[in-house]
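Working notes for the structure below.
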Amino acid sequence: MFTIVERRSKRSRGYRKESIHYFSGTITRRRKEIEAEKPRPTTKKHWSNERRERPVLEMQLGGGRQCYSGTESAALSLSTKSFVSEGEGVWNQKLFIRFKMNFNFNPHSNYSEITSNYPETSQSININKPQFISSIKASDITKRDSIQVSSHDARKVVLSSQMEGLGTRFIEKSLSKPKQKLEFVRTLLIDNYDSYTYNIYQELSVVNGLPPVVVRNDEWTWEEACYYIYEERAFDNIVISPGPGSPACPDDIGICFKLLLECGDIPILGVCLGHQALGYVHGANVVHAFEPVHGRLSEIQHNGCKLFHDIPSGKNSGFKVVRYHSLVIDPKSLPKELIPLAWTCSTDTISSLVDQKFDQSNYVESTPDNKVLMGIMHSTRPHYGLQFHPESIATCHGSRIFKNFREITEDFWGWKDSCSINDRKLKYNGGKWKLGLEWRKIENLCSQIGGAKNIFLELFGDEKAENTFWLDSSSTEKRRARFSFMGGKGGSLWKQITFRLSDLDPSETTSTSGGGGNITIENAQGLSTTTFLEEGCFHFMNKELQSIHYDEKDFQGLPFEFYGGYVGYLGYGLKVECGAPYNQHKAKTPDACFFFVDNLIAIDHSNDDIYILNLHDQTTKTKTTWIDDVYQKLITLKPPTTTLPKVQYYNKKKTESTFLSDKNEERYIKDVEKCQEFIKDGESYELCLTTQMRKKLGDLNRLGIYLHLREKNPAPYAAWLNFSKEDLTICCSSPERFLRLDRDGILEAKPIKGTIARGSTPHEDHMLKSQLQYSEKDQAENLMIVDLLRNDLGRVCDPGSVHVPRLMDVESYATVHTMVSTVQGKKRSNLTAIDCVRAAFPGGSMTGAPKLRSMELLDSLESCSRGIYSGCIGFFSYNQTFDLNIVIRTVVVHQGEASVGAGGAIVSLSSPQEEYKEMVLKSRAPVNSVLEYEQRSLEQ
């Protein structure tokens with residue numbers, strides 16, 4: 001009994017008709033090549049091709065075949081016999097020789113030593129350039145510019161490289177240049193619904209220097225796969241994972257069949273099911289093994305090819321591998337295209353706990369009949385298969401195999417011109433990440449269920465509110481702020497991005513991004529990868545946001561600007577990516593940290609409405625009930641019955657009674673005087689001098705600290721950020737907006753310069769407010785920063801659009817009056833959101849003017865890194881709107897220590913003593929919040 005399945009696949013010449021027979025559990029197949037009428041080109045001594053191309057010598061011995069290229073004599077080994085070429089001598093007559101032009105890869109570990117002279121006779125050329133879909137041109141196949149990288153659930157990060165001209169042609173290597181190594185290798189990892197795929201993911205992330213893109217075998221159509229592989233030039237190689245089932249079942253291997261059949265011009269490694277699929281595609285029989293082998297080990301012998309380079313072979317060698325399979329490739333059915341690479345030393349398996357010096361008497365002598373085929377390769381394509389699992393924790397030399405596959409990939413693309421490889425930087429490029437938005441509005445409910453605080457505590461306040469955020473407009477009077485946003489980990493697209501600047505001195509590198517840095521990306525499943533980004537954080541964020549495609553209709557009707565995307569902070573140290581020459585001090589905290597948020601709550605404080613939003617990937621079929629679940633929780637939520645905060649204190653032992661400043665009063669005053677000397681000498685107009693205060697906290701509840709801070713010092717741009725894995729919590733009560741970009745392309749900055757304390761009586765309060773408003777010194781401070789911001793916005797806005805609708809307004813908050821101005825402009829259409837932030841970062845109110853020189857002078861005066869303080873907190877929505885504050889009036893808790901930064905602008909009119917008092921005043925709200933909350937915890 002058998003079934004006939006006919007497949008037709010478009011080729012560069014003709015098509016292929018296949019009959020697949022299923023009989024008694026053994027799969028056999030026949031195929032017939034139908035050659036097209038199009039005449040084939042021929043190989044000549046002088047080619048007419050665009051480039052001179054080297055033929056590849058293919059040698060066949062029995063069932064095995066090897067391919068080599070070169071021009072000199074060498075020794076080589078095929079299977080278990082050796083043959084030697086002497087100059088222009090004749091090869092052993094048992095060898096079958098022919099020449100191909102479609103192969104630029106070599107399986108042998110020492111292929112560079114194997115050479116042969118070019119023949120003078122003409123031979124046929126078989127250039128195998130697939131033509132998969134009508135939108136792909138043959139000329140396009142030779143280009144590779146971009147790649148999509150990340151995990152399956154957070155896989156939308158896309159990289160681009162400077163590679164081009166890649167394809168099936170083999171270009172003669174220049175012997176005068178050393179071999180070029182790729183900085184990273186870009187892998188498409190096909191997941192066959194296996195439980196070990198992400199073990200391979202972890203191995204590849206380390207070996208490649210870059211996480212692979214994980215795609216389920218039925219997630220992409222063939223046209224989509226062709227688009228990313230050949231039009232987007234997205235990948236350097238492909239790995240096909242293990243999985244359940246049989247390669248004979250289309251549902252079990254999905255797109256893998258066509259990848260192995262059609263993609264002859266890209267390295268592919270198949271593991272277990274992927275290995276069987278490689279054999280099956282080319283006509284081998286896949287049969288049941290003598291017995292199922294799962295979680296058991298075998299010793300392996302191999303032929304020393306490139307995939308097994310630097311790995312021992314044979315019994316007692318230490319090369320033990322883990323096997324999970326019940327099907328095998330019948331080695332007797334291997335077609336001439338497939339070469340056996342590795343076998344078990346015997347049919348027996350061994351325990352993973354057995355010492356390598358075991359008794360050989362426990363093992364039978366290996367013979368061809370009792371070996372199990374463990375590895376194969378294609379003779380003319382860079383395709384490999386492994387029956388065992390190299391990613392298993394108990395497999396010896398598994399990482400070495402993945403490294404060897406990387407080297408095979410580098411060799412395959414190694415004919416590239418060296419300068420283009422050197423230019424191949426890690427660049428993130430958008431690609432086709434199509435996001436959709438769903439949302440639901442609940443009217444007039446917020447105040448009825450206890451307000452934003454109660455909503456946050458009920459939905460996200462459990463377990464110390466780990467991995468949560470709250471962009472909290474806790475001060476909404478005079479319509480300074482209207483919306484709050486909150487959320488936590490949970491959605492499938494969620495991820496955390498952590499960036500740390502490199503220790504390299506930017507002056508010693510060619511980078512224009514401060515020497516680059518290391519980025520760690522953790523996905524929703526908790527898998528983390530770390531990669532060095534030479535181009536830096538802003539470049540990464542720019543490409544991330546540009547990668548997202550969306551439909552504006554999704555958020556029509558929403559009155560706010562954040563619909564999901566990135567929430568987090570940019571630290572002050574990132575000034576080195578914005579023109580500053582260096583950082584004198586290195587931050588202990590990450591220089592940037594963001595959540596990618598796909599589930600969130602938005603609160604309209606003006607109308608008392610609540611919005612529930614869910615962001616999802618439109619290319620997947622995943623559905624979520626998050627909106628419905630949260631809706632049910634909200635409509636049944638009861639307001640709190642007590643005014644006490646619904647948090648525990650945790651800390652029961654006394655710590656330091658107060659904060660300790662990095663600078664005492666005398667030192668701070670001297671630094672103010674130095675600033676005035678710089679100003680006097682014309683080095684700066686204004687310098688924003690700062691310092692830090694620190695205190696050990698122990699296990700004091702951080703959410704309780706923030707709730708107490710927002711109660712005592714509410715602010716329009718307040719924020720709670722808790723990055724649990726970094727042991728980092730930010731409790732911010734900032735009154736200052738750094739920069740905002742709305743849907744209409746309007747940029748707005750609201751710098752604060754000029755601060756005075758509130759009065760104890762209404763009359764005194766009014767007098768102090770008037771004193772600030774008419775202070776020449778404070779007006780000078782504010783004006784210089786307004787002009788600085790006008791300059792910064794002028795770099796990215798349409799000519800003539802920058803204006804100042806409000807100049808030197810005085811705003812009153814719980815503890816201070818401040819002088820605030822508003823600067824606006826229309827963003828140029830050819831620039832991105834990150835371009836705007838980078839042009840103005842750090843906020844001019846925290847640096848002084850001129851900005852770059854002022855930052856350099858301040859680095860020489862300040863005794864420690866500002867870290868998160870003086871940076872910005874906020875969101876970058878997936879549609880590239882954003883709203884960021886200036887990090888002031890903030891408590892940063894990191895690894896058990898709380899720090900508060902404070903300072904002030906120094907001008908020629910400043911009084912050093914008064915500047916010290918202003919610094920202390922600005923630190924009072926966050927410092928007192930910590931001390932008061934700690935005291936309350938000791939009293940409980």
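FYI, the numbering just counts along the sequence from 1.
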Does Asp742 use its side chain to pair, donor to acceptor, with the backbone of Glu748 at less than 3.5 Å? no
Taking the inter-plane angle between the rings of Tyr566 and Phe594 on a 0 to 90° scale, is it parallel (under 30°), tilted (30 to 60°) or perpendicular (over 60°)? perpendicular
If you count the non-hydrogen atoms of other residues, nucleotides and ligands that lie under 6.0 Å from NE2 in His766, is the total more than 12? no
Taking the side chain as C-beta and beyond, is there a heavy-atom pair between Leu707 and Leu457 under 4.5 Å? yes
Tell me, do Lys489 and Glu522 make a side-chain contact under 4.5 Å, heavy atoms counted? yes
Identify the heavy atoms of Phe595 and Gln496 that sit nearest to each other, and give their distance. CE2-OE1, 3.5 Å
With a 3.5 Å distance limit and no angle check, can you tell me whether Thr890 reaches the backbone of Val887 through a side-chain donor-acceptor pair? no
Would you say Ser484 and His605 are linked by a side-chain donor-acceptor pair, where the criterion is simply a distance under 3.5 Å? yes
Check: Met819 main-chain N/O paired with Asn782 side-chain donor or acceptor under 3.5 Å: yes
Write down the atom of Gln584, the atom of Asp859, and the distance for their closest heavy-atom approach. N-OD2, 3.1 Å
With no hydrogens and no angle check, is any side-chain donor or acceptor of Ser775 less than 3.5 Å from a backbone partner on Gln771? no
When rounded to the nearest 0.5 angstrom, what is the spacing between OG in Ser473 and CG in Asp883? 8.5 Å
Donor-acceptor under 3.5 Å (His817 side chain, Gln773 main chain): no
Using the rule given for side chain to side chain contact (heavy atoms under 4.5 Å, CB included), can you reason through Ile612 versus Leu634, listing the C-alpha separation, both sets of side-chain angles and the distance that settles it, and then say yes or no? CA-CA 10 Å; Ile612 312 169; Leu634 289 175; 3.9 Å; yes
Contact between Pro735 and Arg889 at the side-chain level, heavy atoms closer than 4.5 Å - yes or no? yes
Establish, yes or no, whether a centroid distance under 6.0 Å links the rings of Phe485 and Phe875. yes
Flag side-chain contact, heavy atom, 4.5 Å: Ser845 against Ile752: no
What one should report as the nearest heavy-atom pair of Pro926 and Leu709 is CA-CD1, 3.9 Å
Return yes if a side-chain donor-acceptor contact under 3.5 Å exists between Ser863 and Asp662, otherwise no. no
Which value, rounded to the nearest 0.5 Å, describes the distance between Asn701 atom CG and Leu697 atom CG? 11.0 Å
Quick one: do Val927 and Val920 satisfy side chain to side chain contact (heavy atoms under 4.5 Å, CB included)? Show the steps, please. CA-CA 10 Å; Val927 165; Val920 173; over 6 Å; no
Trp470-Tyr706 aromatic ring centre distance below 6.0 Å: yes
Does a sphere of radius 6.0 Å around NZ in Lys588 hold more than 12 heavy atoms from other residues, nucleotides or ligands, not counting ones at 6.0 Å or beyond? no
Are the side chain of Asn885 and the backbone of Ile873 linked by a donor-acceptor contact shorter than 3.5 Å? yes
Distance col, row Met846:CE vs Tyr572:OH, nearest 0.5 angstrom, shows 8.0 Å
Tested for side-chain contact (heavy atoms from CB on, under 4.5 Å) against Thr755, the lone hit among Thr815, Asp778, Val816 is Val816
Passing option when Tyr611 is tested against Phe483, Tyr563, Phe560, Tyr631 for ring-ring contact (aromatic ring centres under 6.0 Å, His included): Phe560
Arg667/Asp671 ion pair, N-O < 4.0 Å: yes
Using a 4.5 Å cut-off on heavy atoms from C-beta on, say whether the side chain of Phe723 contacts that of Thr498. no
State the SG-CD1 distance between Cys446 and Ile455, to the nearest 0.5 angstrom. 4.0 Å
Side chains of Glu918 and Ser910 in contact at under 4.5 Å (non-hydrogen atoms): no
Could you check Lys670 against Glu673 for salt bridge (charged side-chain N to carboxylate O under 4.0 Å, His left out), going step by step and ending with a plain yes or no? CA-CA 5 Å; Lys670 286 183 178 180; Glu673 293 171 345; over 6 Å; no
To the nearest 0.5 Å, what is the distance between CD1 (Ile601) and CE (Met486)? 7.5 Å
Using only atom types and a distance under 3.5 Å, with no angle test, would you say the side chain of Ser821 pairs donor to acceptor with the backbone of Met808? yes
Quick one, Lys695 with Glu934, criterion salt bridge (charged side-chain N to carboxylate O under 4.0 Å, His left out). Give me CA distance, side-chain angles, the key distance, then yes/no. CA-CA 11 Å; Lys695 184 185 187 312; Glu934 183 183 47; 2.9 Å; yes
Between CG of Leu637 and CD of Gln632, what distance do you get to the nearest 0.5 Å? 12.5 Å
Checking side-chain contact (heavy atoms from CB on, under 4.5 Å) between Lys663 and each of Thr690, Leu689, Ile669, which is the one that passes? Leu689
Close side-chain approach of Cys675 and Leu861, heavy atoms under 4.5 Å: yes
So, Lys851 side chain and Ala580 main chain: donor-acceptor pair closer than 3.5 Å or not? no
Could you go step by step and tell me if Lys750 and Glu811 meet the salt bridge (charged side-chain N to carboxylate O under 4.0 Å, His left out) rule? CA-CA 12 Å; Lys750 295 186 67 176; Glu811 295 181 355; 3.8 Å; yes
Asp591 side chain vs Leu574 backbone, donor-acceptor pair below 3.5 Å: no
Tell me, with the steps shown, if Asp609 and Ile442 meet side chain to side chain contact (heavy atoms under 4.5 Å, CB included). CA-CA 6 Å; Asp609 299 332; Ile442 310 176; over 6 Å; no
What pair of heavy atoms forms the shortest contact from Lys495 to Ile521, and how long is it? CD-CG2, 4.1 Å
Examine distances only and state if a side-chain atom of Asn599 and a backbone atom of Asn614 form a donor-acceptor pair shorter than 3.5 Å. no
Would you indicate whether the side-chain heavy atoms of Asp472 and Trp720 approach each other to under 4.5 Å? no
Atom of Leu931, atom of Thr658 and distance for their closest heavy-atom approach: CD2-CA, 4.0 Å
Show the nearest heavy-atom pair for residues Lys725 and Asn467, with the distance to one decimal. N-OD1, 4.4 Å
Working for side chain to side chain contact (heavy atoms under 4.5 Å, CB included), residues Asp598 and Trp626: CA-CA 10 Å; Asp598 52 357; Trp626 191 82; over 6 Å; no
